[in-house]
Amino acid sequence: MRMLLIHSDYIEYEVKDKAIKNPEPISEEEKKGRMDEVLVAFISVEKVDEKNPDEVVEKAINEIIEVAKQVKAENLFVYPFAHLSSELAKPSVAQEVLRRIYEGLKERGYNVGKAPFGYYKAFRISCKGHPLAELSRTIVPEEAKVE
Ligand SMILES: NCC(=O)N[C@H]1[C@@H](O)[C@H](n2cnc3c(N)ncnc32)O[C@@H]1CO
């Protein structure tokens with residue numbers, strides 16, 4: 001899994017079109033969204049994550065929370081983003097992994113937003129620009145690590 005973490009004044013998105021055959025069903029109000037004072041996690045779920053989704057979900061949640069504490073962000077935003085890797089997991093696996101990350105962050109008491117899965121979207125983001133405002137993380141299951 002590849003994550004790009006951007007501490008932002010705001011993130012806003014607008015759904016434009018379906019990008020896969022069966023995108024996540026969304027309501028009218030979910031076609032647009034905005035969150036202010038937010039740590040945005042752009043996430044590409046990778047093929048290697050299919051070896052142990054439970055582990056990568058847990059690690060991603062912990063990484064995001066660790067950065068949220070460092071930058072003092074209360075609001076989090078999970079953004080499905082298929083552009084950080086050339087070895088993507090299939091959509092069904094990716095959607096479930098992203099859903100579990102979103103739910104896990106909420107369970108830990110954060111105010112969490114998400115962008116819909118499986119669509120082309122327009123988005124605007126305002127990066128705060130401080131030294132920890134742009135971070136990336138790579139997460140792999142233990143058994144996929146080679147010596
Ligand atoms: N920017 C717009 C976009 O990326 N749209 C992506 C994601 O919403 C989602 N998606 C599909 N596979 C994946 C994956 N492995 N990881 C994350 N998202 C995925 O499906 C869309 C087309 O790839």
Side-chain angles (χ1 to χ4, degrees), residues 1-68 70-71 73 75-108 110-129 132-146:
M1 174 184 293
R2 303 290 172 117
M3 288 201 293
L4 176 62
L5 301 168
I6 306 291
H7 190 202
S8 310
D9 298 315
Y10 67 85
I11 172 96
E12 54 187 29
Y13 74 86
E14 180 180 356
V15 167
K16 289 299 180 186
D17 211 345
K18 287 169 63 167
I20 58 175
K21 202 156 127 266
N22 300 308
E24 175 187 4
I26 52 173
S27 61
E28 202 50 40
E29 62 263 11
E30 286 172 304
K31 287 183 177 174
K32 285 186 180 180
R34 178 186 169 105
M35 204 169 218
D36 295 301
E37 293 307 313
V38 58
L39 177 64
V40 182
F42 292 97
I43 301 176
S44 288
V45 182
E46 296 185 288
K47 194 113 199 77
V48 69
D49 299 327
E50 295 176 9
K51 290 180 189 294
N52 194 335
D54 294 357
E55 184 186 343
V56 295
V57 165
E58 200 54 34
K59 284 182 173 177
I61 289 169
N62 293 337
E63 286 287 350
I64 292 168
I65 289 178
E66 184 183 329
V67 173
Q70 285 175 330
V71 302
N75 299 322
L76 306 176
F77 197 88
V78 175
Y79 198 110
F81 199 70
H83 313 286
L84 300 175
S85 171
S86 55
E87 298 182 5
L88 293 172
K90 54 181 186 278
S92 57
V93 170
Q95 183 169 351
E96 179 59 10
V97 164
L98 288 158
R99 184 192 66 75
R100 289 174 56 196
I101 291 168
Y102 169 74
E103 294 300 339
L105 292 169
K106 282 203 301 185
E107 280 160 22
R108 285 164 177 76
Y110 284 88
N111 181 32
V112 196
K114 65 183 175 76
F117 183 95
Y119 296 91
Y120 297 118
K121 296 176 285 297
F123 74 93
R124 285 192 175 82
I125 189 166
S126 170
C127 174
K128 285 183 178 289
L132 294 178
E134 302 158 284
L135 297 169
S136 64
R137 294 288 187 272
T138 298
I139 293 167
V140 290
E142 284 307 314
E143 67 244 46
K145 286 183 178 168
V146 291

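When a ligand or atom number is given, it counts from 1 through the structure's own listing order. Side chains are part of it too, since the values below use all heavy atoms of this structure and drop only hydrogens, waters and symmetry mates.
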ask   = Just wondering, do M1 and V97 contact through their side chains at under 4.5 Å, heavy atoms?
value = yes
ask   = Relative to each other, are the rings of Y79 and F77 parallel, tilted or perpendicular (30° and 60° limits)?
value = tilted
request  = Taking atom CD of E143 as the centre, report whether more than 12 heavy atoms of other residues, nucleotides or ligands fall under 6.0 Å from it.
outcome  = yes
query = How does V93 reach ligand 1, if at all, at less than 4.0 Å between non-hydrogen atoms: by side chain, backbone, both, or neither?
reply = neither
inquiry  = Under a 3.5 Å distance rule, please check whether N75 uses its side chain to pair with a backbone N or O of E37 as donor and acceptor.
reply    = yes
remark   = Looking at P91, P116, A122, A82, the heavy atom closest to atom 6 (C) of ligand 1 belongs to A82
remark   = Residue, atom and distance of the protein heavy atom nearest atom 1 (N) of ligand 1 read H83 NE2, 3.1 Å
query = Which atoms of ligand 1 have any heavy atom of L88 under 4.0 Å away?
reply = 15 (N)
message = I need the atoms of ligand 1 closer than 4.0 Å to a non-hydrogen atom of A19, numbered in the order shown.
response = 21 (C), 22 (C)
request  = For A89, counting its heavy atoms only, list the atoms of ligand 1 lying under 4.0 Å from any of them.
outcome  = 15 (N)
Atom 21 (C) of ligand 1 - nearest protein heavy atom and its distance = G118 CA, 3.8 Å
query = Short list, please: which atoms of ligand 1 are under 4.0 Å from a heavy atom of A94?
reply = 13 (C), 14 (C), 15 (N), 16 (N)
query = Can you list the ligand 1 atoms lying under 4.0 Å from a non-hydrogen atom of S44?
reply = 16 (N)
key: Per-atom contacts, ligand 1 versus F81 - under 4.0 Å to a heavy atom   = 1 (N), 4 (O), 17 (C), 18 (N)
inquiry  = Starting from atom 17 (C) of ligand 1, what is the nearest protein heavy atom, named by residue and atom, and what distance separates them?
reply    = I43 O, 3.4 Å
task = Verify the neighbour count for atom CZ of R34: are there more than 12 heavy atoms of other residues, nucleotides or ligands below 6.0 Å?
result = yes
request  = From the options Y120, Y119, Y79, F42, select the one whose nearest heavy atom is closest to atom 2 (C) of ligand 1.
outcome  = Y119
query = To which protein heavy atom is atom 15 (N) of ligand 1 closest, and what is the distance rounded to 0.1 Å?
reply = V45 O, 2.9 Å
task = Measure centre to centre between the rings of Y102 and F117, then say whether the value is under 6.0 Å.
result = no
query = Of the backbone atoms (N, CA, C, O) and the side-chain heavy atoms from C-beta on, which set of K121 has a member under 4.0 Å from an atom of ligand 1: side chain, backbone, both, or neither?
reply = side chain
inquiry  = Between M35 and V40, does the side chain to side chain contact (heavy atoms under 4.5 Å, CB included) criterion hold? Intermediate values first, please.
reply    = CA-CA 9 Å; M35 204 169 218; V40 182; over 6 Å; no
message = Students should be able to answer this: which protein heavy-atom is nearest to atom 10 (N) of ligand 1, and at what distance?
response = F117 CZ, 3.4 Å
ask   = Any donor and acceptor pair, going by atom type alone, linking the side chain of Y119 with main-chain N or O of E24 inside 3.5 Å?
value = yes
request  = Check I139 against D49 and note the closest heavy-atom contact, atom names and distance.
outcome  = O-OD1, 3.5 Å
query = Is the side chain of E30 donor-acceptor paired with the backbone N or O of P116 at a distance under 3.5 Å, no angle test?
reply = no
